[in-house]
Amino acid sequence: MGEIYRRTDMCGALCLKDAGREVVLNGWVAKRRNLGGLIFVDLRDKTGIVQVTFDDKASRELLDRADSLRSEYVIGIKGVVKERSAKNDRLGTGEIEVFARDMVIYSSSETPPIYIKDDDNVDDNLRLKYRYLDMRKPHMQRNLSFRHRICKIARDYFDENGFTEVETPILIKSTPEGARDYIVPSRVYQGEFYALPQSPQLFKQLLMVGGTDRYIQIAKCFRDEDLRADRQPEFTQIDLEMSFATQDDVIEVQEGFLKRVFKECMNIEIETPFPRLSWEEAMERYGSDKPDIRFGFELKKLNHLFENCEFKVFTDCLEAGGDIRGICVDGGSAAFSRKDIDKLAEMTKQYGAKGLIWIRVNEEDIISSVHKFFSQEELKKIALEFNAAKDDIIFLVSDKAKVTFDSLGFLRRECAKRMGLLKDDEYKLLWVVDFPMFEENDEGAVTATHHPFTHPKCEDIHLLDSEPLKVKADAYDIVLNGVELGGGSVRIHERELQEKMFKVLGLTQEECEEKFGFLIEAFKYGAPPHAGLAYGLDRLVMLLLGEASIREVMAFPKNQNAQCLVCGAPAPVEAVQLDELGIGLKQEDIRS
RNA sequence: GGCCAAGUAGUUCAGUCGGUUAGAAUGCCAGCCUGUCACGCUGGAGGUCGUCAGUUCGAGCCUGAUCUUGGUCGCCA
């Protein structure tokens, strides 16, 4: 083992004030420029890059070694900081350079398979395979340290507010509601399995019963579902629970937290309290339970205009109990060509919309894809409903309520995006509250919108038996620019109410006992009223950094097929290991 | 599982109507170069055009299948 230079400074931290100082730096060679007898090396560490200069005051031997440097060699430098004669204002340390007196080469490097530069555009899988190279990029280092800062603020802030960080178990029991569980076989009890937690939900509620009063955890969670740009199978929540707390209490504490995150991480003062929208209002106005309120284009229900119209598509839809809703995109007629509109119509199809009707408002007349069925008078009436002006375009969708919400909700955002209205330095936070307690799934069964531990609104409890779909819940989501940052609820702490909930959801006594018996049991012994919330940490970081993918804010994310390209997981295991677990595999199931 | 897009040099891409030896940039290697910072100049190496099959005198290009990847819908209590 050779000598390791004892570092005095970080590369990116050096500035004009340091001129004249002797410094010792360690880092990677980002770039070597040999001008013949004068060699520059850009030295990189996690804080940035500084130029190291080897000139004729260095020995021949040192110059030769400097000449032998290649990209990504790991070196140490002893040298003197000097003000530059030719400054580089594109480099943070561009006012100075370090004249090398001595150098140690710790490691050489083969030519890296990817460029280590922020503005490159390398295939995602190469980046993930060589993540340890990819993360040398300044923006990856920035993202990781930004993520760390948010975690630190969370720990500090919640600590100051009386929260205790508690770790909950990773090996738990499978409760196959909601997302698929990751399953871990037990060796000791063959044929039995642990599951990895989808969230610490039940355990944090037990912590409340256990008198922890206020709990926080930066918790790894696991869901075996398909991936998306903002969804990974293993992700991190900032998970919280408070005893003796109402919805307002939780919201107040969280607004304080987010205010601090924005102040300390973004240097932005955000106004509290955040606006609150009921779920119903969010859906009616924005077609989404996580609305982006940075722009308008609000939805309107137009059933009343079309009850006696000539257009069979509309009348049939209304008779079938569907709705006709629309949005008016200000300036959209001027912004979108016929081709653009066709594209938009095509895109709304994935949300179930069978067709997209457009109405262009011009100076004199109104042009529409359904002009055959409507007079100018009638079209003007529609335009009036939206207060539409020249150059605006109105889009209409008729279908089941859900389809109109989904497709128009998508459309308003897509139009805003195409018109450049989504400014990434604008942050609009809001709470969506009063979620419905239950939803009906395709088979007509009643399922919990949030989860079965959510407290129904007290005034709706009497509807649980008769009209469960009308019951609203004390559940709330925090939404930022159209992204759900987190969600939570007041929990049920009454054993009888919890049992009733399970019953409404169609769980038998045995199933309840089997799945959640331990929680019901705990509620027998004095459960405090409690409420909580969990943030998707990855999404929060991603949004604040303006990253398009959750992978940019995780050190070692999985690719879309849930593989870890760094280590090669998932992978087969030795037959011996399976034997120990009592697991046999069907040959045809094995991926070759 | 459905839909959309992509796959050509280490990397990012171009490749016209199916036609000579598949190009560029960057990176890499060698030489020259004392103020560069995307250093410059000269030269060089580097290709299973994802894979398989088909059409054709001839396929990077057309057809089919398949694999891989990204995005998305379903899914994500």
Side-chain angles (χ1 to χ4, degrees), chain A residues 30-43 49-58 63 67 70-72 82 84-91 93-94 97 99 109-117 119-130 133 175-181 198-199 201-202 221-233 235 343 346-353 406-407 410 414 435 437-439 441-442 445-454 473 475 484 487 489 501-502 505 507 515-516 536 548-549 551 559-561 563 565 591-592:
Chain A
K31 189 79 193 176
R32 178 207 58 154
R33 289 180 294 278
N34 185 348
L35 277 64
L38 179 64
I39 298 173
F40 299 105
V41 167
D42 289 341
L43 189 67
I49 283 177
V50 69
Q51 175 167 280
V52 177
T53 305
F54 298 81
D55 67 0
D56 52 10
K57 291 185 195 68
L63 271 171
D67 182 50
R70 293 292 180 274
S71 290
E72 303 313 314
K82 288 189 182 161
R84 287 213 207 176
S85 49
K87 292 185 177 154
N88 181 353
D89 52 16
R90 294 198 315 199
L91 196 62
T93 59
E97 63 192 322
F99 280 82
S109 169
E110 291 187 14
T111 303
I114 58 174
Y115 299 160
I116 300 176
K117 251 170 57 180
D119 52 359
D120 71 344
N121 180 29
V122 181
D123 179 71
D124 251 356
N125 285 301
L126 263 182
R127 292 185 55 199
L128 292 184
K129 180 171 177 191
Y130 297 103
L133 298 179
T175 52
E177 312 265 313
R180 281 185 206 95
D181 282 331
Q198 297 179 24
S199 88
Q201 182 62 35
L202 297 175
C221 302
F222 306 85
R223 293 179 190 176
D224 187 4
E225 296 292 344
D226 286 357
L227 286 75
R228 290 287 187 281
D230 64 350
R231 204 197 296 166
Q232 282 271 314
F235 61 100
K343 180 77 190 162
E346 185 61 35
M347 291 169 90
T348 55
K349 280 191 184 153
Q350 32 176 347
Y351 297 90
D406 290 353
S407 53
F410 159 78
E414 181 65 24
F435 277 75
M437 189 75 226
F438 304 103
E439 317 174 300
N441 69 11
D442 292 337
V446 171
T447 62
T449 305
H450 194 52
H451 56 54
F453 318 107
T454 301
E484 179 194 331
S489 61
M501 282 295 301
F502 289 144
L505 289 167
L507 283 120
K515 286 177 178 168
F516 309 113
S549 166
R551 294 187 297 263
N559 70 3
Q560 199 183 27
N561 291 349
Q563 297 163 312
L565 295 181
R591 182 167 64 117
S592 53

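Naming: A, B, ... by sequence-line order, numbering from 1 per chain.
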Can you tell whether the side chains of D230(A) and R228(A) come within less than 4.0 Å, N to carboxylate O?
no
With a 4.0 Å cut-off on N to O distance, would you call K349(A) and E346(A) a salt bridge?
yes
Would you mind telling me which residue lines up with the more 5' stretch of RNA chain B, E346(A) or L91(A), judged by nearest nucleotide?
E346(A)
Please step through side-chain contact (heavy atoms from CB on, under 4.5 Å) for the pair I49(A) and L91(A), ending with a clear verdict.
CA-CA 8 Å; I49(A) 283 177; L91(A) 196 62; 4.0 Å; yes
Separation between the [atom1] atoms of [N] and [M], rounded to whole Å:
N	M	atom1	answer
G60(B)	U8(B)	C1'	7 Å
A6(B)	A14(B)	P	10 Å
G44(B)	U55(B)	C1'	41 Å
A5(B)	A45(B)	P	39 Å
G15(B)	A24(B)	C1'	10 Å
C28(B)	C67(B)	P	38 Å
U20(B)	C39(B)	P	37 Å

Does R33(A) place a side-chain N or O at less than 4.0 Å from the phosphate oxygens OP1/OP2 of U36(B)?
no
Could you check whether L505(A) gets within reach of a base, just the sugar-phosphate, or nothing at all, counting any heavy atom under 4.0 Å?
nothing
Record whether the side chain of R84(A) comes under 3.5 Å of the base of C37(B) through a donor-acceptor pair of N or O atoms.
yes
Strictly under 4.0 angstrom, non-hydrogen atoms only: write out the protein contact profile of nucleotides 69-77 of chain B, one letter per nucleotide from the 5' end, B, S or -.
SBBBBBBBB
Around K87(A), counting heavy atoms of other residues, nucleotides and ligands shown, do more than 12 lie under 6.0 Å from its NZ?
yes
[X]: which residues meet the side-chain hydrogen bond (donor to acceptor under 3.5 Å, both in side chains) condition with it, sequence neighbours left out?
X	answer
R33(A)	D42(A), Q51(A)
T53(A)	E97(A)
E414(A)	R418(A)

Using salt bridge (Lys or Arg N to Asp or Glu O under 4.0 Å) as the criterion, list what pairs up with R180(A), not counting sequence neighbours.
E225(A)
For atom CG of L35(A) and atom C1' of U34(B), their distance in whole Å
7 Å
Output the rounded distance in Å from CG (D56(A)) to C1' (C33(B)).
14 Å
Extract from the structure each pairing of a protein N or O with an N or O of nucleotides 23-30 of chain B at less than 3.5 Å, listing the distance.
from	atom 1	to	atom 2	distance (Å)
U26(B)	O2'	Y115(A)	OH	3.1
U26(B)	O2	Y115(A)	OH	2.8
G27(B)	OP1	K31(A)	NZ	3.3
C29(B)	OP1	R70(A)	NE	2.7
A30(B)	OP2	R70(A)	NH2	3.3

is_close_aromatic(F222(A), F235(A)), centroid dist under 6.0 Å
no
